[in-house]
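Okay, structure first, notes after.
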Amino acid sequence: MRIIAAVPQTLPRNAELAERFELLADLLELDGADAFRLAAYRRAAARIREAAVPVAQLALDGKATRLSGIGGTIEAKIVELSETGDLQALAKLRDKLPSGLVEVMHVPGLGPKTARKLWEELGVDSLDSLRAAAEQERLRALPGLGAKTEEKVLKALSAPARRSADTGRTLLGRVLGAVRQAVEEIEGSGLADRVSEAGSVRRRRETVRDLDLIATAADPPALTAFLAGRPWVAEVVAHGPTKATVVSHEGLRFDLRVVPPESYGSLLQHFTGSKHHNVALREEAVRRGLSVSEYGVLETESGETFQAADEDAVYARLGYAWIPPELRENGGELEAARNGSLPALVELADLQGDLHMHTDWSDGRGTLEEMAVAALERGRRYVAICDHARRLRDGRLEQQTEAIAALRERLPKLEILGGIEVDIRADGSLDMPDDVLAGRDWVMASIHSGFDGPRERLTERLVSAMENPHVDCIGHPTGRKINRRPPYDLDFERVLEAAVETGTFLEINAQPDRLDLMDSHARAAAEAGAGIVISTDAHRVHELDNLELGVAQARRGWLTKDQVVNARSWKQVRKLMKS
DNA sequence: GCCGTTTTCGGCCCGACTGTTTTCAGTCG
């Protein structure tokens, strides 16, 4: 009997492809390959990771090179990975280098050059042998390394083991309040002239690592001392005249930089990032004879430096319109800012209603009245009460409908809709009969079980739910939980197609650990013409505030007000609904 | 390896910090 090589049954996911190219880049770097080649693999990995469609399929169709950063060579490698599950280039490097060396290279303070040297000179080929060598003080024998390096390595290795699932990044929703408080305190200190959040928080990335703050001050050391002395600071990591790094009792790491007023704009631009955005911005500037740094824009020929007190002046000097931070990921925003086609992004104030929330009629903690009043206080004009259908059997749905009618009398300023959230079962059917759904004002349908089925089945479950004439919107369409659970294996293009064909809306669920649709999916969905609903899925009163997280995600997905269904009055929403 | 207002070759962002060095390589963001 002939042994047939294992062929992967399903195509590799984008995240899997990205990991392979990151590993390839790491191994090539250890092997001393050309730095630009590595950068190309890493750039491609980032592009693949954030793509909204399966890049493996794209490559098989010969269309992957449409993504910037992916050329013929990498496309061929994606095809190879899809067909054989591996890369010859990777196999070759694995033969040449010990498998543990990549981990050694990732120890903070070490890098590819040092890792390679440790292996060649001391035989270090894993974290274990690195620890042994450091403990035996053998690292200091190498040129360029000393006692300090040994100390640093041992400290890094003794740090609590980081589980692979723990990416070290915190949910945006868990830090936003703390960042705002820090900004307010700095403003209130009287020591700062201007203060701003920066970094990934300002870009509203769904997860963040460090919390960056920028300020100007007449007396910078007084301001850094002020931050270091806050009562919520548990540890002062670094504290100099213009910079302080502190860790709060909650474990959040704040980084404050105090800068001269005349370069505030350049520094804010620089520290907001993203790295990819800045690299692309600077590359294009170089072609125009300009050199951009955090201190200003240098005209190479004349030697003159343009300093910008405001961020929009930096962009203007380089020929761009000001770019909203949420778009600064090198996803086409520079081109759009140059030719005047940046989208007018949706804003929190545009949203008129919240079409997905729960009460204590199912698994919510707030009462119907508490949730409605809280929504009204937050400026919503309509809400859809969408308790789980499985908790509303045996006449409870009718009772809730009466309770909603009674509440409407008491809260005439809020339109309270009798909605429902139905489960999409394994066979694609819903857990409430059609005649009941026909009587609801608003129907959300979501998958809550059977996440790990094959791609075809999960896709078909969603498609058949969308084909139901009473289903208005699909809740948390990909099912991912950030840092905890990957999305279902879906043919997202097919889902989009069905959403457009059937007129079913797709949700951006604003729960901090869902944010589902994610940014790239939301962008693809809106471009395809699907209606997007941003909702909180709130289970308690304070979760109604999460709407801004959903709006941030929508903005990262380039969405305009027009593309967001609930940026309309309920009357207008009804005209867009299929039923 | 990718890419093009320097278009199919020759470029590819910029600066700070660290630990180790007497001028810098490596690492980091």
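None of these values were measured; they are calculated from a predicted model. Both backbone and side-chain heavy atoms feed into the values below; hydrogens, waters and symmetry mates do not. Lettering of chains follows the sequences in order, A, B, ..., and the numbering in each one begins at 1.
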Separation of [X] atom [atom1] from [N] atom [atom2], in whole Å?
X: A:Arg42; N: B:dC28; atom1: CZ; atom2: P; result: 11 Å
X: A:Arg203; N: B:dG29; atom1: CZ; atom2: C1'; result: 11 Å
X: A:Leu28; N: B:dG1; atom1: CG; atom2: C1'; result: 10 Å
X: A:Asn330; N: B:dG29; atom1: CG; atom2: C1'; result: 17 Å
X: A:Arg202; N: B:dG29; atom1: CZ; atom2: P; result: 21 Å
X: A:Leu30; N: B:dT27; atom1: CG; atom2: C1'; result: 14 Å
X: A:Ile214; N: B:dG29; atom1: CD1; atom2: P; result: 16 Å
X: A:Arg169; N: B:dG29; atom1: CZ; atom2: P; result: 11 Å

Base, sugar-phosphate, or nothing: which does [X] touch, judged by heavy atoms less than 4.0 Å apart?
X: A:Arg287; result: base
X: A:Phe271; result: nothing
X: A:Ile70; result: sugar-phosphate

Q | Residue whose nearest DNA chain B nucleotide is more 5′ - A:Lys77 or A:Val107 | A | A:Lys77
(Q) Reading DNA chain B from 5' onward, which residue's closest nucleotide shows up sooner: A:Tyr41 or A:Asp210? (A) A:Tyr41
(Q) Does the protein touch nucleotides 12-23 of chain B at the base, only the backbone, or not at all? Give it as B, S and - per nucleotide, heavy atoms under 4.0 Å. (A) BBBSS--SS---
What's the gap between [N] and [M] when it is taken at their [atom1] atoms, as a whole Å value?
N: B:dG10; M: B:dG19; atom1: C1'; answer: 35 Å
N: B:dT20; M: B:dC12; atom1: P; answer: 32 Å
N: B:dG26; M: B:dT21; atom1: P; answer: 13 Å
N: B:dA16; M: B:dT6; atom1: C1'; answer: 31 Å
N: B:dC24; M: B:dG11; atom1: P; answer: 23 Å
N: B:dT8; M: B:dG1; atom1: C1'; answer: 14 Å
N: B:dC2; M: B:dT7; atom1: C1'; answer: 13 Å
N: B:dG15; M: B:dC9; atom1: C1'; answer: 29 Å

Q. Can you name the side chain to side chain donor-acceptor pair (under 3.5 Å) partners of A:Glu75, sequence neighbours left out?
A.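 Side chain to side chain donor-acceptor pair (under 3.5 Å) check on A:Glu75 returns nothing, list empty.
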Q: Provide the Watson-Crick or G-U wobble partner of B:dT8, both distances under 3.5 Å; none if there is no partner.
A: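 No nucleotide pairs with B:dT8.
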Q | Heavy-atom closest pair, residues A:Glu197 and A:Arg202 | A | O-CD, 3.1 Å
Any Lys/Arg nitrogen of [X] or [Y] sitting under 4.0 Å from an Asp/Glu carboxylate oxygen of the other?
X: A:Arg140; Y: A:Glu137; answer: yes
X: A:Lys155; Y: A:Glu151; answer: no
X: A:Arg20; Y: A:Asp86; answer: yes
X: A:Arg328; Y: A:Glu333; answer: no

(Q) Please determine whether side-chain hydrogen bond (donor to acceptor under 3.5 Å, both in side chains) holds for the pair A:Ser263 and A:Ser266, giving the CA-CA distance in whole Å, both sets of side-chain angles, and the decisive distance to 0.1 Å. (A) CA-CA 5 Å; A:Ser263 55; A:Ser266 284; over 6 Å; no
**Q.** Intermediate values then yes/no, side-chain hydrogen bond (donor to acceptor under 3.5 Å, both in side chains), A:Gln88 and A:Glu80
**A.** CA-CA 9 Å; A:Gln88 283 188 19; A:Glu80 186 188 350; 4.7 Å; no
Q.
Please enumerate all residues that pass side-chain contact (heavy atoms from CB on, under 4.5 Å) together with A:Glu548, with sequence neighbours excluded.
A. A:Leu176, A:Arg180, A:Leu348
**Q.** Residues in contact with DNA chain B, drawn from residues 109-119 of chain A - heavy-atom cutoff 4.0 Å
**A.** A:Gly109, A:Leu110, A:Gly111, A:Pro112, A:Lys113, A:Thr114
When the side chains of residues 52-68 of chain A are checked against the rest of the protein, which donor-acceptor pairs come out under 3.5 Å, sequence neighbours left out?
{"unit_1": "A:Gln57", "atom_1": "NE2", "unit_2": "A:Asp61", "atom_2": "OD1", "d": "3.2"}
{"unit_1": "A:Ser68", "atom_1": "OG", "unit_2": "A:Arg47", "atom_2": "NH1", "d": "2.9"}

**Q.** Residues that A:Phe254 engages under ring pair (Phe, Tyr, Trp, His ring centres under 6.0 Å), provided they are two or more places apart
**A.**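 Counting only residues at least two positions away or on another chain, A:Phe254 forms a ring pair (Phe, Tyr, Trp, His ring centres under 6.0 Å) with A:Trp232.
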